[in-house]
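Read the numbers this way: they start at 1 and go in the same order the structure lists the ligands and their atoms. Only this structure's heavy atoms are used, side chains among them; waters, hydrogens and symmetry mates stay out.
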Amino acid sequence: RRCLCADGHAPRPVVGPDSVEVLGRSYPRDDLTNVTARILSRVGRNLHNQPHHPLWLIKERIKAHFYSAYIGRWGNPLFSVHDNLSPVVTVQQNFDRCLLIPPDHPSRKQGDNYYLNRTTMLRAHTSAHQSELVRSGLDAFLLAGDVYRRDEIDASHYPVFHQMEGVRLFSNHELFSSVRRGEELSLFESGGRRTPEKQETHSLEAVKLVEFNLKQTLSRLVAQLFGEDLEVRWVDCYFPFTHPSFEMEVRFQGDWMEVLGCGVMEQELLNSAGAENKLGWAFGLGLERLAMVLYDIPDIRLFWSQDERFLKQFRVSDIHQNICFQPLSKYPPLLNDISFWLPDGADGFTENDFYELVRSVGGDLVEKVTLVDDFTHPKTGRRSQCYRIVYRHMERTLTQQEVRLVHEQIERSAESELGVQGRY
Ligand code: FA5
Ligand code: MG
């Protein structure tokens, strides 16, 4: 597939016929391989480690906050920080290794993830490293990194983004030392039941303290970053590796935007990582989402911009300096629809396959893709879909002509690669 993105970057031919090459290593292809050259061209960019990039700035601010607010017993920072772990992980690390994601869990779907092959993938979340870091003996750590997901396309979703993971474990003493007669309390109880509030092996008093500490830690963090005025709310949710679980949402551009997921770590995970006498919390936050709120960055694609007008706005001498981001003017969008009949049976076809194809061909010219129509013909039983593609360049006005070229290429690729029949 040829990349027609007009930003002048040509993907290196890293996706060979028999193997895929990532960060200097070669991985044999198999039936699960679905990573594209375009995605691989983002591996190793490490935006979060590029001084003065907005993702670096926000990472540094979070680090600074944790370093100064949480001091260990010997005056050392309580949380250690890790930002250099390879995004290439085993499927086990991403899902099984004590993240307890069951074999049939929907998040494993090939349609949602980038696989190098059956055993290796690009991590879909920084939680992939929780277990190994706990096993190495750490009780409190932050971990930042690039993560990869096949996902929908809009202003706040991009297939490569950055997360910061936080984990904190508590021994009996650490959790209850400030409680009067805390030595009589215990982290665990036997014969308990799992309820919406707690896991079977946890005592309710321990869980409530851990949950309180977690929410307070995160509320303090966002208050430190955004001031007290930001509207924040907690929403109950589900993750396979925490219980209870929560999401934090903040008010952004008139809407609620989810910025992080968190919860009390599943005890089974801690047990198998050698921390069976401790309880813990974990969170995973989206660095782009926070940076968008903090700097008023309207579109997630801007983080990949190499445009000086974008980058120079973040070259401040003090990471805490206020930055009033001046949006590059918005250039006009161009809209184009595409309709096709799905392949008969249509079992193998997922919407994400189409989104992926649009991204591969259209690159960052594509601002948004939405499914606008989905119908099944009453007589033939054939299914047809129509998608609307919004094209917009962040840095200049697109011409009808260049968008037509890209759109036609999408039409052709959809037929040849997804087996759909165009109604063009
Ligand atoms: C997770 O990834 C969990 N691993 C988080 C977690 C960690 C839960 C530890 C419990 C304990 P989720 O898929 O919701 O959860 O992603 C976490 C955050 O990443 C989101 O709240 C959002 O801020 C960000 N995020 C998710 N998908 C995207 C995307 N496509 N583009 C940009 N940011 C995203
Ligand atoms: Mg979520």
Nearest protein heavy-atom contact for [atom]: which residue, which atom, what distance?
{"atom": "atom 28 (C) of ligand 1", "result": "Phe161 CZ, 3.2 Å"}
{"atom": "atom 16 (O) of ligand 1", "result": "Gln163 NE2, 3.3 Å"}
{"atom": "atom 4 (N) of ligand 1", "result": "Ser127 OG, 2.8 Å"}
{"atom": "atom 15 (O) of ligand 1", "result": "Phe239 CE2, 3.4 Å"}
{"atom": "atom 6 (C) of ligand 1", "result": "Gly261 O, 3.6 Å"}
{"atom": "atom 9 (C) of ligand 1", "result": "Glu165 OE2, 3.4 Å"}
{"atom": "atom 22 (C) of ligand 1", "result": "Arg289 NH1, 3.4 Å"}
{"atom": "atom 23 (O) of ligand 1", "result": "Val259 O, 3.0 Å"}

Look up atom CH2 in Trp281 and atom NZ in Lys215, then write down how far apart they are to the nearest 0.5 Å.
-> 14.0 Å
Going by atom types alone, do Asp112 and Asn352 pair a side-chain donor with an acceptor below 3.5 Å?
-> yes
When you measure from the centre of the six-membered ring of Phe283, is the NZ or CZ of Arg168 under 6.0 Å away and within 45° of the axis?
-> no
Region of His157 that comes within reach of ligand 1 [heavy atoms, distance under 4.0 Å] | both
At under 4.0 Å between heavy atoms, what of Phe241 touches ligand 1? The answer is side chain
Could you check whether any heavy atom of [X] sits closer than 4.0 Å to an atom of ligand 1, since that is the contact criterion I want to use?
{"X": "Trp281", "answer": "no"}
{"X": "Glu152", "answer": "no"}
{"X": "Ser156", "answer": "yes"}
{"X": "Glu258", "answer": "yes"}

In Glu258, what N, O or S atom is nearest to the Mg ion (ligand 2), if we give its atom name?
-> OE2
Check step by step if salt bridge (Lys or Arg N to Asp or Glu O under 4.0 Å) holds for Lys63 and Glu60.
-> CA-CA 5 Å; Lys63 270 167 67 175; Glu60 290 301 311; 3.2 Å; yes
Could you check which of Ile300, Asp151, Asn94 puts a non-hydrogen atom nearest to atom 30 (N) of ligand 1?
-> Asp151
